[in-house]
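Quick note: numbers below take in every heavy atom, side chains included, and nothing from hydrogens, waters or symmetry partners. Just so we're on the same page: letters track the sequence lines, and every chain starts at 1.
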Number of protein chains: 2
Amino acid sequence: MEKIESKQFSAGTKLPSENELANRYGVTRMTARAALSKLEERGYIYSKQGKGRFLKEESMQIQLHLTGKVSFTEKMEQAGYDLETRLISCEKVGFEEKVYKLLNCEPIDHVYKVSRIRIIDGQPMAIHNSFVSEKMFPDIEKERADISSMFAYYRKHGHTEFASSKTMLGISFPTSKEQQLLHCQSMVPLIIVENDCINAATGEVLEHTRILYRSDKFKYDITM
Amino acid sequence: MEKIESKQFSAGTKLPSENELANRYGVTRMTARAALSKLEERGYIYSKQGKGRFLKEESMQIQLHLTGKVSFTEKMEQAGYDLETRLISCEKVGFEEKVYKLLNCEPIDHVYKVSRIRIIDGQPMAIHNSFVSEKMFPDIEKERADISSMFAYYRKHGHTEFASSKTMLGISFPTSKEQQLLHCQSMVPLIIVENDCINAATGEVLEHTRILYRSDKFKYDITM
DNA sequence: ACACAGCCACTTGGCAACAAGTTAGGATGA
DNA sequence: TCATCCTAACTTGTTGCCAAGTGGCTGTGT
């Protein structure tokens with residue numbers, strides 16, 4: 001059934017039709033169709049009614065050192081990539097226990113989610129969510145338009161030395177909104193990396209960050 | 001369409017039928033069916049003909065420090081889990097450039113893949129593949145039955161100090177064989193962690209390891 | 001009153017026919 | 001000879017119907 005994916009063709013190649021696959025492997029057309037749909041949902045192929053199914057070009061993979069101290073921006077610019085960071089949204093979020101607890105907030109406090117998208121060489125690669133409390137940054141609503149770099153924003157507010165907390169990694173699938181932003185299919189796994197940014201001098205938690213990486217766009221280096 | 005998954009029920013709950021979902025959201029039964037199939041392939045629900053679809057119980061997640069120096073066995077036993085490691089296979093593999101290069105092997109050399117499965121509290125959690133060269137361990141074919149721990153095996157052959165190389169992380173989906181071994185569906189992502197085990201004294205590469213973790217069974221700690 | 005058989009309404013699973021889009025080639029006409 | 005249109009043979013997409021499995025309800029016989 002899914003030995004189909006082991007056959008490696010070059011990009012743009014036309015795949016055998018549903019009927020041909022069904023005959024060749026002695027299954028019904030529905031079974032072949034299901035297998036092909038899976039490949040489509042994973043983002044390996046695309047289909048055109050009346051024409052057929054075609055292999056997408058395999059996208060480049062960028063090496064990314066996940067555990068490093070340097071910021072994403074610096075990493076990418078050092079490696080010579082054309083990185084654009086675009087602000088998507090900056091709005092209050094509903095109560096979420098984990099985030100509120102980390103930011104030392106009560107349920108009545110307001111927490112903002114600053115959502116930015118990372119675009120490399122024209123391709124959206126990751127969504128960077130920063131959770132900050134109104135308590136810590138009361139003017140965030142007014143200043144939202146100016147936020148280009150979170151670190152620059154924190155320095156402007158007098159925080160100079162930064163540290164990071166425990167870093168956790170998990171996997172999930174994109175919501176329909178995230179699919180649009182990242183230009184990906186529903187079955188492309190996302191790697192979610194979460195940690196906190198702390199003022200090293202005072203120990204205050206400045207933000208909780210939740211970064212969603214397209215798992216197929218990077219090779220992740222987690223060397224200590 | 002996929003707002004279905006946001007509704008959190010408790011385990012074992014019966015989901016609305018295909019027809020009911022189709023009517024409720026004003027879509028065809030095929031659309032509802034496709035959405036439910038997706039949930040089934042991701043391993044969230046199961047279906048019984050004539051009865052309906054039901055939520056699976058959410059499995060526990062074990063915290064795992066990916067970048068630590070201690071071995072998987074030690075980590076799990078320290079945390080008090082009942083870990084069983086079972087040998088699946090130990091056989092020659094075909095030429096694979098990356099692995100052969102890392103092991104300093106030519107295409108005519110023989111490389112063995114020692115494949116073991118990690119079972120925690122009765123649940124298969126990960127597949128641990130070790131690639132070793134016949135050049136380095138000529139008697140591996142005879143000794144294969146005795147291999148319980150790779151480190152113990154290396155110590156038996158005179159290697160005492162170990163180091164590890166660069167560690168890379170990636171995502172893929174299980175083959176049908178891996179689905180059987182890990183008791184999981186086809187759309188459950190696997191986290192693949194690869195690195196080399198090196199004799200710290202001589203610098204020789206003893207093995208290349210490729211570990212396949214079920215992404216839904218762990219919370220991955222990648223703190224430096 | 002109780003046991004049992006049959007039926008019906010519901011579920012998921014599967015299939016076949018049809019619809020819609022594309023392309024190539026041949027018939028037709030100027 | 002050349003241009004144009006039509007048709008036929010592909011492709012994928014969609015719809016609807018029927019099969020198979022389950023459980024409850026009801027009628028019937030003892």
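Minimum heavy-atom separation, F54(A) to G52(A): CE1-O, 3.4 Å.
Other residues, nucleotides and ligands place more than 12 heavy atoms under 6.0 Å from the CD atom of Q61(B). Heavy-atom neighbours of K56(A) NZ from other residues, nucleotides or ligands within 6.0 Å: above the threshold of 12. Heavy atoms of other residues, nucleotides or ligands lying less than 6.0 angstrom from CD of E58(A) number 12 at most. Counting heavy atoms of neighbouring residues, nucleotides and ligands inside a 6.0 Å radius, atom NZ of K14(B) exceeds 12 of them.
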Between protein and nucleic acid, restricted to nucleotides 15-22 of chain D and to nitrogen or oxygen atoms under 3.5 Å apart, what atom pairs and distances do you find?
from: dA20(D); atom 1: N3; to: Q49(B); atom 2: NE2; distance (Å): 3.1
from: dG21(D); atom 1: N2; to: G50(B); atom 2: O; distance (Å): 3.0

What are the atom names and distances for every N/O pair under 3.5 Å that joins the protein to nucleotides 6-9 of chain C?
none

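Side-chain N/O atoms of R33(A) include one lying less than 4.0 angstrom from OP1 or OP2 on dG13(D).
No donor-acceptor distance shorter than 3.5 angstrom exists from the side chain of E194(B) to the backbone of M168(B), with no hydrogens or angles considered. Of the possible polar contacts, one joining the S165(A) side chain to the D196(A) backbone as a donor-acceptor pair under 3.5 Å is found.
Separating the CZ atom of R53(A) from the C1' atom of dT22(C) is a distance of 15 Å, rounded to the nearest angstrom. One atom, CD of E40(B), and another, C1' of dT12(C), lie 10 Å apart when rounded to the nearest Å. Rounded to an integer number of Å, the gap from K48(A) NZ to dA20(C) C1' is 16 Å. Whole-Å rounding puts the K14(A) NZ to dC10(D) P distance at 12 Å. Between the CG atom of N19(A) and the P atom of dC10(D) there is a distance of 10 Å, given to the nearest Å. Whole-Å rounding puts the Y46(B) OH to dG13(C) C1' distance at 18 Å.
Taking only side-chain atoms of S47(A), from C-beta outward, the nucleotide of dT11(C), dG13(C), dT12(D) with the closest atom is dT12(D).
Side-chain contact, E40(A) with S47(A): a donor N or O sits under 3.5 Å from an acceptor N or O.
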### Task
Applying side-chain hydrogen bond (donor to acceptor under 3.5 Å, both in side chains), run through N19(B) and S17(B) and close with a yes or a no.
CA-CA 5 Å; N19(B) 281 316; S17(B) 75; 5.2 Å; no
